[in-house]
Protein chains: 2
Amino acid sequence: MDSINIKKLAEALNLSTSTISRAFRDNSDISVATKERILAKAKELNYQPNHYASNLREQKSKTIAVIVPELANNYFSQAIHGIERVARENGYHILIYVTDDDYKKEVTFIRHLHNGRADGIIMSVSGEANDHNYLNKFGAKRLPLVFFDRIYEDIETPRVITNDYNSSFLATEHLIEQGCKRIAYLVVNKSLSIGKTRMQGYIDALAKHGILFEENLIVDCSNSYEENSVIIKDALNELKPDGVFTSVERLAFATYYACYDLGISIPENLKVISFSSLEIAPLLNPSLTTITQPATEIGEEAASLLFTILDDHADKNLPREIVLESKIIMRNSTSKHPKKP
Amino acid sequence: MDSINIKKLAEALNLSTSTISRAFRDNSDISVATKERILAKAKELNYQPNHYASNLREQKSKTIAVIVPELANNYFSQAIHGIERVARENGYHILIYVTDDDYKKEVTFIRHLHNGRADGIIMSVSGEANDHNYLNKFGAKRLPLVFFDRIYEDIETPRVITNDYNSSFLATEHLIEQGCKRIAYLVVNKSLSIGKTRMQGYIDALAKHGILFEENLIVDCSNSYEENSVIIKDALNELKPDGVFTSVERLAFATYYACYDLGISIPENLKVISFSSLEIAPLLNPSLTTITQPATEIGEEAASLLFTILDDHADKNLPREIVLESKIIMRNSTSKHPKKP
DNA sequence: TTGTATGCGTTATCAC
DNA sequence: GTGATAACGCATACAA
């Protein structure tokens with residue numbers, strides 16, 4: 001091994017290792033002169049304190065883990081971007097884990113993270129409705145955890161969410177105002193908290209406007225593109241809705257494709273609104289009316305929250321829940337009188 | 001500290017720490033009975049070998065770093081997804097770093113990674129054309145590094161790229177065949193290898209078809225949405241191109257917005273083709289003709305390559321360069337006779 | 001202000 | 001098949 005370490009640097013400078021060590025941490029007493037001498041030599045020899053040794057010693061890793069269901073997705077990539085920014089500012093590194101909505105992976109990741117690799121976790125949970133109790137098994141040793149967007153309601157830990165119920169209510173109301181009478185709700189996993197909340201807004205909005213809620217207008221979709229294509233086409237053919245409210249972006253795209261195939265024209269025959277963080281929603285054909293979540297901000301808030309927990313010695317009353325506002329942006333896909341381009 | 005470690009587990013079982021340790025690695029001699037006893041107890045007490053201690057001992061982190069210019073971007077999030085998948089299969093963890101196209105950040109990240117935190121690096125370089133030589137300063141101690149997509153040509157390290165020259169040539173030719181005579185090339189940083197290569201394909205295709213290359217049809221854009229909007233509108237107004245070839249997705253979107261604003265209709269007045277990994281390109285108005293790079297696959301290949309380097313003790317002749325094929329997918333934005341929806 | 005000694009949790013080497 | 005021990009590289013309590 002010709003690699004440099006604290007000992008060799010000490011020898012090279014005729015100093016002790018503790019002095020070297022001190023030069024790299026700010027708090028310790030050390031003369032400015034020696035410190036500079038050390039840092040200069042360190043740069044020359046390309047020395048950097050070994051991260052694992054330091055962390056073993058200090059029992060903290062300056063690393064957080066981010067667990068998401070998927071990555072190739074506007075919402076999550078924006079959220080992670082927000083997390084990354086804040087993490088960087090705080091001198092933290094971030095590890096990424098993708099569950100692909102697989103509960104088993106989620107459990108495995110979390111387990112393995114409790115070996116010192118990370119100081120805290122930011123997670124949007126996987127879609128499967130399973131036993132979340134594994135999170136409680138860690139007891140007091142559980143790493144600080146912040147949920148964002150997709151949460152487990154029965155796990156007590158801080159969370160950053162958006163006003164989903166409200167947005168859904170307004171989205172549904174918007175469709176009704178645009179003249180829709182049979183509104184389908186497309187959801188990926190209706191047992192998941194986020195699907196449920198959003199569905200409730202839909203149901204209540206229908207009720208307010210005296211529209212009968214029909215169970216079969218709730219269309220349960222999957223994560224597979226092919227399956228969704230079939231499911232949605234069948235739903236459009238059989239249910240003949242005049243409005244569609246999709247709980248996730250992907251389902252709106254699938255609806256567009258289905259309509260292209262079936263010759264259903266949006267918005268004349270069918271109006272579509274969706275939760276979506278797509279920045280180019282205005283460029284779609286037709287431009288898509290969206291409930292846009294502040295994805296980047298959600299990530300930033302989640303990260304800030306985690307760092308407050310990690311940094312604060314006095315864990316004063318932290319918020320248990322931060323709720324951010326989504327915005328409904330009306331575009332042509334729900335227009336009564338669409339302007340032809 | 002009430003946290004569990006190997007010593008406590010050993011005490012609890014009346015065994016030595018070495019026996020415990022052996023139970024967790026596969027190679028060592030240990031009776032099946034004790035091994036099972038240990039693993040059972042470990043699970044009960046929620047014990048896991050401390051990652052930092054192991055790594056300090058073994059001098060490897062089972063972690064790779066991924067450095068990208070941006071995250072909220074189809075191409076990179078897909079690529080990272082590919083990397084993540086392969087990393088997981090190999091039992092590696094991944095750290096994410098975003099440079100925001102800032103050269104200084106890139107240098108800092110790379111520097112700091114050379115402290116044992118990561119065993120290898122996968123990077124798509126930042127846009128600024130600067131001194132890349134910092135990468136050579138590490139000498140033999142430099143971490144294994146794999147470039148993907150955006151590379152520094154003067155740094156010798158394995159790379160995964162696509163056949164950009166060819167794709168650009170064909171894309172330009174496609175525009176010509178569709179009747180374009182004044183084709184603008186929109187690029188973010190023409191000094192960056194990838195911008196250059198793509199531009200050469202454009203230039204050569206023009207030459208082949210006897211079209212004079214005009215320097216001012218090369219439009220240098222920025223990373224800012226607002227700036228690009230101005231730049232592109234000016235370009236469309238002043239240069240009056242009948243075709244636009246954009247080197248990155250974002251510029252195609254900006255072109256669409258500009259055309260909407262200026263009342264230029266695509267493809268009648270202007271045909272547009274772009275490098276893009278956008279999965280919903282068919283849903284745009286009009287659907288966008290793309291040169292689609294196999295983003296996920298690029299990530300997978302880059303990761304596989306890095307792991308071969310890391311795992312192989314005998315570093316037999318590894319490929320210095322893997323070239324994957326992009327596909328041109330023709331859609332309405334370059335159509336001669338667009339079908340009206 | 002600087003040096004010495006010890007331990008962080010683990011694994012490899014060697015003994016038994 | 002199992003146990004004792006040293007070492008990985010660093011940071012701190014304590015001594016000087």
Side-chain angles (χ1 to χ4, degrees), chain A residues 1-39 41-42 45-63 91 112-119 141, chain B residues 1-39 41-42 45-63 91 112-119 141:
Chain A
M1 265 310 195
D2 61 340
S3 91
I4 183 83
N5 58 24
I6 199 172
K7 221 161 161 182
K8 287 190 194 150
L9 185 58
E11 279 171 19
L13 286 162
N14 248 316
L15 288 169
S16 77
T17 59
S18 44
T19 308
I20 307 293
S21 177
R22 276 187 268 262
F24 281 92
R25 64 226 43 269
D26 293 332
N27 49 354
S28 307
D29 303 328
I30 184 170
S31 81
V32 184
T34 27
K35 180 165 179 176
E36 275 174 2
R37 201 158 65 91
I38 291 170
L39 293 180
K41 194 74 177 179
L45 299 183
N46 236 313
Y47 167 78
Q48 285 198 78
N50 179 289
H51 179 246
Y52 288 115
S54 306
N55 289 156
L56 176 57
R57 189 52 234 250
E58 297 185 9
Q59 304 288 23
K60 59 178 54 169
S61 65
K62 279 280 182 184
T63 303
H112 279 79
L113 284 168
H114 281 79
N115 65 352
R117 210 183 241 283
D119 295 338
K141 283 175 291 185
Chain B
M1 261 315 193
D2 62 339
S3 91
I4 183 84
N5 59 25
I6 199 172
K7 224 163 163 179
K8 286 189 196 152
L9 186 58
E11 277 171 23
L13 286 162
N14 247 315
L15 289 169
S16 76
T17 59
S18 17
T19 309
I20 307 292
S21 177
R22 273 188 271 260
F24 282 91
R25 56 224 56 271
D26 292 331
N27 49 354
S28 307
D29 303 329
I30 185 171
S31 80
V32 183
T34 26
K35 180 166 181 176
E36 276 175 3
R37 203 158 66 92
I38 292 170
L39 292 181
K41 193 75 176 177
L45 300 182
N46 236 315
Y47 167 78
Q48 285 197 75
N50 180 289
H51 178 244
Y52 288 118
S54 305
N55 288 157
L56 176 57
R57 191 51 236 247
E58 299 183 358
Q59 304 288 22
K60 59 178 56 170
S61 65
K62 278 279 181 187
T63 304
H112 280 78
L113 284 168
H114 282 79
N115 64 352
R117 211 183 239 283
D119 296 338
K141 281 176 289 185

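Scope of the values below: all heavy atoms of this structure, side chains included, with no hydrogens, waters or symmetry mates. Just so it is clear: chains get the letters A, B, ... in the order the sequence lines come, proteins before strands, and each one is counted from 1. All figures in this text were calculated on a predicted structure; none of them were measured in a lab.
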Sequence neighbours excluded, the answer for side-chain contact (heavy atoms from CB on, under 4.5 Å) partners of A/T17 is A/I6, A/K7, A/A10
Taken to the nearest 0.5 Å, the spacing of A/L9 CG from A/I20 CD1 works out to 4.0 Å
- In terms of the angle between their ring planes, are B/Y52 and A/Y52 parallel, tilted or perpendicular, with boundaries placed at 30° and 60°? tilted
Here the distance between atom P of D/dA7 and atom CG of A/N50, to the nearest Å, is 18 Å
Contact class for B/Y47 vs. all strands (heavy atom < 4.0 Å): base, sugar-phosphate, or nothing? sugar-phosphate
Rounded to whole Å, the NZ-C1' distance (B/K7 to C/dT10) equals 11 Å
Residues at least two apart in sequence or cross-chain that pass side-chain contact (heavy atoms from CB on, under 4.5 Å) with B/T19, listed by chain then number, are B/L15, B/S16, B/R22, B/I30, B/I38
Sequence neighbours excluded, the answer for side-chain hydrogen bond (donor to acceptor under 3.5 Å, both in side chains) partners of A/D119 is A/S61
So B/R117 and A/K62, do their side chains get closer than 4.5 Å, heavy atoms only? yes
B/I6 atom CD1 is separated from D/dG3 atom P, nearest whole Å, by 12 Å
Winner on side-chain proximity to A/A53, out of C/dT10, C/dT2, D/dG9, is D/dG9
If the cut-off is 4.0 Å, is A/T19 near the phosphate of C/dT1, judged by side-chain N/O to OP1 or OP2?
no
- request: Examine C/dG9: is either OP1 or OP2 under 4.0 Å from a nitrogen or oxygen in the side chain of B/N5? Give yes or no.
  value: yes
Please tell me if B/S31 has a side-chain N or O lying less than 4.0 Å from either OP1 or OP2 of D/dG1.
no
Sorted by chain and number, sequence neighbours left out, side-chain contact (heavy atoms from CB on, under 4.5 Å) with A/E58 holds for A/R25, A/K60
Side-chain atoms of B/P49 come closest, of C/dT10, C/dG3, D/dC10, to C/dT10
Sub-3.5 Å pairs of nitrogen or oxygen atoms, protein against nucleotides 4-6 of chain D:
from, atom 1, to, atom 2, distance (Å)
D/dA4, N7, B/S18, OG, 3.2
D/dA4, N6, B/S18, OG, 3.1

Against the side chain of A/S54, the closest entry in C/dT2, D/dA11, D/dT2 is D/dA11
By nearest-nucleotide position on DNA chain D, the 5'-leaning member of B/V32 and B/E58 is B/V32
Taken to the nearest whole Å, OH/B/Y52 to P/D/dA7 is 26 Å
Separation of C/dG9 atom P from B/R25 atom CZ, nearest Å, is 16 Å
B/Q48 atom CD is separated from C/dG9 atom P, nearest whole Å, by 15 Å
Classify the nucleic acid contact of A/S21 as base, sugar-phosphate or nothing, counting any heavy atom under 4.0 Å across all strands shown. base
Is A/I20 touching bases, backbone alone, or none of the nucleic acid, heavy atoms closer than 4.0 Å? nothing
Across all chains, not counting sequence neighbours, the side-chain hydrogen bond (donor to acceptor under 3.5 Å, both in side chains) partners of A/T34 are A/S31
Query raised in the report: When you check the phosphate oxygens OP1 and OP2 of D/dA11, does a side-chain N or O of A/Q59 lie under 4.0 Å from one of them?
Result: no
Here the distance between atom P of C/dG7 and atom CG of B/L56, to the nearest Å, is 17 Å
Rounded to whole Å, CG of A/N55 lies from C1' of D/dC8 at a distance of 14 Å
